[in-house]
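Since the structure comes first, as structure tokens, the remarks are kept for the end.
Throughout, a chain's letter reflects where its sequence line sits, starting with A, and its residues are numbered from 1.
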There are 2 protein chains.
Amino acid sequence: MIENDIFRALADPTRRAIFEKLAAGGMNASALREGMEISQPAMSQHLSVLRSAKLVREERQGRFVNYEVDPDGLALIAQWLAKYRAYWPARIEALKVLLKDMDQ
Amino acid sequence: MIENDIFRALADPTRRAIFEKLAAGGMNASALREGMEISQPAMSQHLSVLRSAKLVREERQGRFVNYEVDPDGLALIAQWLAKYRAYWPARIEALKVLLKDMDQ
DNA sequence: CCAACACATAAGCACACACTTATGCGATTC
DNA sequence: GAATCGCATAAGTGTGTGCTTATGTGTTGG
């Protein structure tokens with residue numbers, strides 16, 4: 001189940017940090033490691049988890065592998081969250097209803 | 001960190017099922033167990049995790065404890081998700097920008 | 001080509017997690 | 001007021017997770 005992979009992937013603070021870093025702009029695994037105090041295999045493993053959760057996607061570039069945020073994963077979270085729209089704070093709720101209407 | 005608690009709480013499929021059940025309407029722990037094949041202590045522990053993640057809140061009623069969805073947790077997820085608004089699919093993105101504008 | 005590089009994978013280990021059984025603790029009911 | 005009910009907590013156990021070191025694989029530059 002992909003939904004399970006997503007939440008499990010985000011359950012780790014290091015992986016959320018990696019994801020956040022990638023959200024600021026795609027980069028390769030080595031660049032991601034800079035200023036993060038994480039070993040190369042650990043980074044590779046984290047990226048593998050994020051990849052199978054569709055939170056991140058790779059693009060081979062020569063001997064580098066460029067990573068970037070995959071919108072698919074985020075969309076699935078948004079979809080999950082939308083199921084509980086009724087419980088969001090009232091102000092947000094009103095806007096969401098409007099949003100839904102405009103979305104047809 | 002509460003953000004960590006939230007994702008870790010949702011990483012377990014049983015807890016997501018409990019949360020989903022509560023989203024359909026508040027109920028006590030025993031009612032939650034019905035049709036779920038889960039022991040009483042396990043349910044109690046799961047509810048404890050969901051509670052400290054602010055995904056669920058309790059309200060004592062006599063010797064029962066009524067549980068219901070806590071909007072705080074959902075709002076925090078929405079907030080987290082909003083940080084990556086730029087990566088949502090274009091159609092959703094346009095609507096989100098509109099939403100943001102209307103939210104001032 | 002072959003050495004260095006960027007990254008992935010394998011195997012092992014310490015710790016966290018979700019479960020179990022057993023027990024505790026208020027509240028209710030008879 | 002004692003038994004029962006609804007739920008929480010304690011303690012122990014098997015499994016999963018994230019790290020490590022070691023090694024493999026594909027690519028590039030001298």
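In this structure, NE2 of B:H46 is placed 13 Å from P of D:dA8, rounded to the nearest angstrom. Atom CG in B:N4 sits roughly 11 Å away from atom P in D:dG18 (whole-Å rounding). Rounded to a whole Å, the CD1 atom of B:I18 is 14 Å from the C1' atom of D:dC7. Here the C1' atom of nucleotide C:dC19 and the CD atom of B:E37 are 14 Å apart, to the nearest Å.
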Could you write out each protein N or O paired with an N or O of nucleotides 5-8 of chain C at a distance under 3.5 Å?
residue : atom : partner : partner atom : Å
C:dC7   : OP1  : A:A29   : N            : 3.2
C:dC7   : OP1  : A:V65   : N            : 3.4
C:dC7   : OP2  : A:S30   : N            : 2.8
C:dC7   : OP2  : A:S30   : OG           : 2.2
C:dA8   : OP1  : A:Y67   : OH           : 2.6
C:dA8   : OP2  : A:S44   : OG           : 2.7
C:dA8   : O5'  : A:S44   : OG           : 3.4
C:dA8   : N7   : A:Q40   : NE2          : 2.8
C:dA8   : N6   : A:Q40   : OE1          : 3.1

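Among the protein residues, B:T14 comes within range of the sugar-phosphate backbone only, with heavy atoms under 4.0 Å from sugar or phosphate atoms but none that close to a base. Note on B:R33: nothing from the nucleic acid sits closer than 4.0 angstrom, heavy atoms only.
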>> Go through it in stages, so that I can follow the logic: the residues are A:R57 and A:D72, the test is side-chain contact (heavy atoms from CB on, under 4.5 Å), and I'd like the CA-CA distance, side-chain angles, deciding distance and then a yes or no.
In response: CA-CA 10 Å; A:R57 62 187 173 197; A:D72 286 0; 5.9 Å; no
> Can you check side-chain contact (heavy atoms from CB on, under 4.5 Å) on A:D5 and A:K54, steps first, answer last?
Replying inline: CA-CA 9 Å; A:D5 293 337; A:K54 296 216 177 296; over 6 Å; no
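Counting heavy atoms from C-beta on, the side chains of A:E3 and A:Q79 never come closer than 4.5 Å.
A donor-acceptor pair under 3.5 Å links the side-chain atoms of A:Y87 to the main chain of B:A23, judged by distance alone.
A residue-by-residue look at A:G62 and A:D12 shows that A:D12 has its nearest nucleotide of DNA chain D further toward the 5' end.
When all heavy atoms of A:R60 and A:R63 are compared, the pair lying nearest together is NH2-O, 3.8 Å. Taking each heavy atom of B:N28 and B:F64 in turn, the nearest pair found is ND2-CD2, 3.3 Å.
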